[in-house]
Undergrad: 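Please read through the structure below; I'll follow up with questions.
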Amino acid sequence: MSNGNEGRNLHFIEEIVEEDIRTGKHGGRILTRFPPEPNGYLHIGHAKSICLNFGLAKKYNGKCNLRFDDTNPVTEDVEYVDSIKEDIRWLGFDWEDREFFASDYFQQLFDWAILLIKKGVAYVDDCSADEVSASRGTPTRPGKESPFRNRSVEENLDLFIRMSKGEFPDGTKVLRAKIDMASPNMHMRDPVMYRIKHAHHHRTGDKWCIYPMYDYAHGQCDFIENITHSVCTLEFEVHKPLYDWFLDNIIDDPGVNKSRTRQYEFARLNLNYTVMSKRMLLKLVKENYVNGWDDPRMPTISGLRRRGYTSGSIRDFADRVGVAKRENIIDIGLLEFCIREDLNKKAQRLMAVINPLKVVIENYPEGVTEELEAVNNPEDESMGTRKVPFSRVIYIEKDDFMEEPPKKFFRLSPGSEVRLRYAYFMKCTDVVKNGAGEITELRCTYDPESKGGKSPDGRKVKSTIHWVSAEHAIEAEVRLYDRLFVKENPYEAEEGKTFVDNLNPDSLKTVTGYIEPFAKGSKPLDKFQFERIGYFCLDPDSSGNKLIFNRTVTLKDSWAKITSKEC
RNA sequence: UGCCUCGUGGUGUAAUUGGCAACACGUCUGACUCUGGAUCAGAAGAGUUCAGGUUCGAGCCCUGACGAGGCAGCCA
């Protein structure tokens, strides 16, 4: 199921790779890279990129490097480096010993900058950030050349070296590539290569006070690592001429140039009912709209993991959404489909009641407990069976009873008979209410002949409901998660409002659930199907005497569909 | 009024490189079922943004419109 797309049509990057292999462009060698910036946690969009890059390597007998794009020390942190590594590993990919950092190459990048200065294609500019920005022009108007553009090579060399030695404060000078201030491509208008930042870097410490910009670093890092296919998202499309320009000016070996790394762009993943921008996710975390990066409502990989998603389901998802250049918004329902499909085959079944209604079975003897046999997973016989205790007082789901049932309601109602899963047929004889007229309890009778749920005389019931023995059930906290935003496109907000105003106030509901004793001893992230309700996993916050379950996703519910259609 | 990229069922992705559009999700039927789950069978839904052109034949090629996204960080 997961990332095996054999027999399927190739996407455009696979086509390029196969063509390159066919023509022997890189001697048949394939080396991709995943280049995250360690300034936030990875999200499902990154998962698409990870699956693409590592997947390409796997499929074509190549390798994929992990390279942290750590060229901006003020936003980056080791916390993020660690989480990123954990997430990639959890997704099932291995970069072996090829763990790199752009900062590993700072010296080489610096030396190449010197080379470009000597070639007369890079210069030190004393203009302020505002001045540089003002003289850059606009997409429709050409920019103006900096007054410092024509400094001598000697002066540029001297200034740049002094920049690197810390002689100038932040923001007073930059190194720029001398390209074309009138280029229709904004990125070619003398882009900044280095800026001064007297900041502590998580790896190089205080060794440097000048840091390369993305554009100057990325292509050269790819080149140093001998990457064959540098795959990135669409917004970098306009950077490609610059990517090539730097390499053209640094490498003048025609033999090397022939098989040089090339950049290819694909459309990033977008999901409805959530946001995917690291900046916005950071805001949700920092301003406590959610409980951290791994909040189960977050589209982060760590959030999805804690929500109960399996890595296989995410790989399957990445496979299903495809790779193309067209902007896309994937329905979150597809992600839900993927996890249901995976968990249906794997998850241990359990009976749990999350909205309890007490039922007394009047003709069942008091003080008696029976152990009834239940199937652990009807999709996988090898998972065996378990015993579930049954007694006179049980809980059933409030939703499974209606005093005045509509026509299509098959569950319990006064006088009707249902099957208690793996137990007995049961009939409701009386409804007990409190002063406010709310139903507080049901009085029922069972048919002792129907033990195990088999009809004694061949009579049928329209429905089977789940239950839990009141005396034996474990109380647990159950966290019912729903989509994070109420709007398909969270950014669509009225005047003066922002995406946080579209947060779903009901994205988390916490209830007390009653779960069959089997749940005891489960470990964090263990996955279950609470029969007829949904898939759940044990939250890592659980302790020995307090179990917490996260709802991963509900089961498909055709009754809910009927009711929602009628109102 | 610049440059780049992209327009195929509701959503995504295909179409052997010119032979009357396929797959998945979703939707809707029905069958089966000790989960209104799962499974199985079936159906509806696009004539490919539009207009011209080339061709026996165009989603694929050409021209021109229109629409969407990206680009004006010393972010990546």
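Below, read A as the first sequence line, B as the second, and so on, with proteins coming before strands; counting in each chain starts at 1.
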Undergrad: Among G12(B), C4(B), U1(B), find the nucleotide with the atom closest to the side chain of Glu237(A).
TA: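 Nucleotide nearest to Glu237(A)'s side chain: C4(B).
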Undergrad: For Ile196(A) and C74(B), what is the distance between atoms CD1 and P respectively, to the nearest whole Å?
TA: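 It works out to 14 Å between those atoms.
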Undergrad: Can you see if the side chain of Thr138(A) gets near the phosphate of G2(B) - specifically, an N or O under 4.0 Å from OP1 or OP2?
TA: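 No, no such contact exists.
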Undergrad: Among A76(B), G36(B), A72(B), which is the nearest nucleotide to the side chain of Ile562(A)?
TA: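 So the nucleotide nearest the side chain must be G36(B).
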Undergrad: Please state how far atom CG in Asn270(A) lies from atom C1' in A68(B), giving the value in whole angstrom units.
TA: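 For the pair Asn270(A) CG and A68(B) C1', the rounded distance is 13 Å.
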Undergrad: Out of C71(B), U13(B), G12(B), which has the shortest distance to the side chain of Val238(A)?
TA: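 Selected nucleotide: C71(B).
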Undergrad: Please report the distance, rounded to the nearest Å, between NE2 in His187(A) and C1' in C75(B).
TA: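 Roughly 12 Å, once rounded to whole Å.
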Undergrad: Is the distance from OP1 or OP2 of G36(B) to the nearest side-chain N or O of Arg419(A) less than 4.0 Å?
TA: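 For G36(B), OP1/OP2 do not have a side-chain N/O of Arg419(A) under 4.0 Å.
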Undergrad: Please report the distance, rounded to the nearest Å, between CG in Leu234(A) and P in C71(B).
TA: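 Interatomic distance, CG of Leu234(A) to P of C71(B): 11 Å.
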Undergrad: Report the C-alpha separation of Leu159(A) and Arg151(A) in whole Å, then their side-chain angles, then the decisive distance to 0.1 Å, and conclude whether the side chain to side chain contact (heavy atoms under 4.5 Å, CB included) test is met.
TA: CA-CA 10 Å; Leu159(A) 256 17; Arg151(A) 291 216 251 231; 3.4 Å; yes
Undergrad: Rounded to whole Å, please give me the gap between NE2 in His239(A) and P in U5(B).
TA: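 Value for this atom pair: 15 Å.
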Undergrad: Pick the C1' atom in G7(B) and in G64(B), then give their distance to the nearest Å.
TA: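 It comes out at 16 Å once rounded to the nearest Å.
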Undergrad: When rounded to the nearest Å, what value does the distance between C1' atoms of G42(B) and G47(B) take?
TA: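 Pairwise C1' distance, G42(B) against G47(B), rounds to 23 Å.
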Undergrad: Would you say Ile329(A) has more than 12 foreign heavy atoms packed within less than 6.0 Å of its CD1?
TA: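 Result for CD1/Ile329(A): open.
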Undergrad: Pick the nucleotide of RNA chain B nearest each of Ala129(A) and Ala560(A); which residue has the one closer to the 5' end?
TA: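 Nearest-nucleotide comparison on RNA chain B picks Ala560(A).
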Undergrad: Counting only side-chain nitrogens and oxygens, does Lys460(A) get under 4.0 Å of the OP1 or OP2 atom of U33(B)?
TA: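 So the side-chain polar atoms of Lys460(A) never come under 4.0 Å of the phosphate oxygens OP1 or OP2 of U33(B).
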Undergrad: May I ask you to check whether Glu225(A) and Asn65(A) show a side-chain donor-acceptor distance below 3.5 Å?
TA: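 On atom types as modelled, these side chains qualify, holding a pair under 3.5 Å.
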Undergrad: Report yes if at least one side-chain N or O of Thr71(A) is closer than 4.0 Å to OP1 or OP2 of C75(B); otherwise report no.
TA: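 Checking Thr71(A) against C75(B): no side-chain N or O falls below 4.0 Å of OP1 or OP2.
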Undergrad: Can you tell which of G37(B), U1(B), C74(B) lies closest to the side chain of Leu555(A)?
TA: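 Of the options given, the side chain of Leu555(A) lies nearest G37(B).
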Undergrad: Syn if the chi torsion is within 90° of 0, anti otherwise; quick check, which is G42(B)?
TA: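 This nucleotide is in anti.
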Undergrad: In terms of side-chain heavy atoms of Asn344(A), which of G37(B), G69(B), U1(B) is nearest?
TA: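 Output: G37(B).
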Undergrad: How many Å lie between CZ on Phe12(A) and P on G7(B), as a whole number?
TA: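 About 11 Å, once rounded to whole Å.
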Undergrad: Using the criterion of both pairing distances under 3.5 Å for Watson-Crick and G-U wobble pairs, give all stems of 3 or more consecutive pairs involving RNA chain B.
TA: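 So the stems come out as B:2-7 with B:66-71, B:10-13 with B:22-25, B:27-31 with B:39-43, B:49-53 with B:61-65.
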Undergrad: Taking only side-chain nitrogens and oxygens of Arg349(A), does any of them come within less than 4.0 Å of OP1 or OP2 of U35(B)?
TA: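 Looking at the OP1 and OP2 atoms of U35(B), neither is under 4.0 Å from any side-chain N or O of Arg349(A).
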Undergrad: Look at the side chain of Arg421(A) and decide which nucleotide, out of G12(B), G36(B), U35(B), has an atom nearest to it.
TA: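 Ranking G12(B), G36(B), U35(B) by closest atom to the Arg421(A) side chain puts U35(B) first.
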Undergrad: Could you go through nucleotides 25-32 of chain B and list every protein N or O atom that sits under 3.5 Å from one of its N or O atoms, giving the distance for each pair?
TA:
from: U27(B); atom 1: OP1; to: Lys561(A); atom 2: NZ; distance (Å): 2.7
from: C28(B); atom 1: OP1; to: Lys565(A); atom 2: NZ; distance (Å): 3.0
from: C28(B); atom 1: OP2; to: Lys561(A); atom 2: NZ; distance (Å): 3.4

Undergrad: I'd like to know if the side chain of Asp316(A) reaches the main chain of Cys338(A), judged simply by a donor and an acceptor atom lying under 3.5 Å from each other, with no hydrogens or angles considered.
TA: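 Judged by distance alone, no pair lies under 3.5 Å.
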Undergrad: Could you check whether Tyr243(A) and Gln263(A), counting side-chain N and O atoms only, form a donor-acceptor pair closer than 3.5 Å?
TA: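 The criterion, which ignores hydrogens and geometry beyond distance, is not satisfied for Tyr243(A) and Gln263(A).
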Undergrad: Counting any heavy atom closer than 4.0 Å, what does Ser128(A) reach on the DNA or RNA strands: base, sugar-phosphate only, or nothing?
TA: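 Base contact.
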Undergrad: Closer than 4.0 angstrom, basic N to acidic O: yes or no for Glu417(A) and Lys462(A)?
TA: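 Salt bridge: no.
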Undergrad: Would you measure the distance from the P atom in U55(B) across to the matching atom in G12(B) and give it in whole Å?
TA: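 So the two P atoms sit 37 Å from each other.
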Undergrad: So do Val132(A) and Ser146(A) actually touch side chain to side chain, heavy atoms under 4.5 Å?
TA: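 Heavy-atom side-chain distance check fails, nothing below 4.5 Å.
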Undergrad: Quick check for you: among U8(B), G37(B), A72(B), whose closest atom lies nearest to any side-chain atom of Arg136(A)?
TA: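 Nearest nucleotide to the side chain: A72(B).
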Undergrad: Mind checking whether Phe101(A) and Phe68(A) have ring centres under 6.0 Å apart?
TA: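 Under 6.0 Å, so yes.
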Undergrad: Between Tyr216(A) (OH) and A76(B) (P), how many Å, whole number?
TA: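 Whole-Å distance recorded here is 14 Å.
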Undergrad: Is a donor-acceptor pair below 3.5 Å formed from side chain Gln529(A) to base U35(B), judging by atom type as modelled?
TA: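 By the distance-only test, yes, there is a pair.
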Undergrad: Pairing donors with acceptors under 3.5 angstrom, does anything connect the side chains of Arg421(A) and His466(A)?
TA: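 Short answer, no.
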Undergrad: Please determine whether salt bridge (Lys or Arg N to Asp or Glu O under 4.0 Å) holds for the pair Arg262(A) and Asp244(A), giving the CA-CA distance in whole Å, both sets of side-chain angles, and the decisive distance to 0.1 Å.
TA: CA-CA 8 Å; Arg262(A) 274 201 63 181; Asp244(A) 290 331; 5.6 Å; no
Undergrad: Take atom P in A38(B) and the same atom in G26(B), then report the distance between them in whole Å.
TA: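 Per the computed distance, 9 Å lies between those P atoms.
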Undergrad: G9(B) and A21(B): how far apart are their P atoms, nearest whole angstrom?
TA: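 Nearest-Å result for G9(B) against A21(B) at atom P: 15 Å.
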Undergrad: What form does the base of G47(B) take, syn (within 90° of 0) or anti?
TA: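 The base of G47(B) is oriented syn (glycosidic angle within 90° of 0).
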Undergrad: Rounding to an integer number of angstrom, what distance separates G37(B) and U27(B) when you compare their P atoms?
TA: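 Rounded to whole Å, the distance is 12 Å.
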Undergrad: Are Arg141(A) and U1(B) close enough that a side-chain N or O sits under 4.0 Å from OP1 or OP2?
TA: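 No.
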Undergrad: As a quick check of understanding, evaluate ring-ring contact (aromatic ring centres under 6.0 Å, His included) for Tyr211(A) and Tyr194(A), giving each step before the final call.
TA: CA-CA 5 Å; Tyr211(A) 291 93; Tyr194(A) 273 92; 8.7 Å; no
Undergrad: Step by step, work out the salt bridge (Lys or Arg N to Asp or Glu O under 4.0 Å) result for Lys144(A) and Asp190(A).
TA: CA-CA 10 Å; Lys144(A) 286 193 207 58; Asp190(A) 290 12; over 6 Å; no
Undergrad: Ignoring backbone atoms, establish whether Ser133(A) has a side-chain N or O less than 4.0 Å from OP1 or OP2 of G73(B).
TA: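 Result: yes.
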Undergrad: As a test of reading the structure: which of C3(B), G37(B), G36(B) is closest to the side chain of Trp559(A), going by heavy atoms?
TA: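 My answer, after comparing the listed nucleotides, is G36(B).
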Undergrad: Taking the P atom of each, how far is G10(B) from C50(B), in whole Å?
TA: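 Here G10(B) and C50(B) have their P atoms 13 Å from each other.
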Undergrad: By the rule that syn is within 90° of 0, classify the base conformation of U17(B) as syn or anti.
TA: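 What U17(B) shows is a syn base, its glycosidic angle lying within 90° of 0.
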Undergrad: Expressed in angstrom and rounded to an integer, what is the separation of Tyr214(A) atom OH from G73(B) atom P?
TA: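 Going from OH in Tyr214(A) over to P in G73(B) covers 17 Å.
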Undergrad: For the pair Asp331(A) (side chain) and Leu334(A) (backbone), establish whether a donor and an acceptor sit closer than 3.5 Å, ignoring hydrogens and angles.
TA: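 Not at all, since once roles are kept as given, no pair shorter than 3.5 Å links the two residues.
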Undergrad: I want to verify a distance call: between A76(B), A14(B), U17(B), whose nearest atom is closest to the Asp69(A) side chain?
TA: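 Nucleotide nearest to Asp69(A)'s side chain: A76(B).
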Undergrad: Considering only side-chain heavy atoms of Glu235(A), which listed nucleotide, G12(B), G70(B), C74(B), is closest?
TA: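 Selected nucleotide (nearest to the side chain): G70(B).
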Undergrad: Give a yes/no answer on whether the side chain of Arg326(A) brings an N or O atom under 4.0 Å of OP1 or OP2 in U8(B).
TA: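 Checking Arg326(A) against U8(B): at least one side-chain N or O falls below 4.0 Å of OP1 or OP2.
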Undergrad: Determine the interatomic distance between P on A15(B) and the same-named atom on C23(B); round to the nearest Å.
TA: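 Straight-line distance between the two P atoms is 14 Å.
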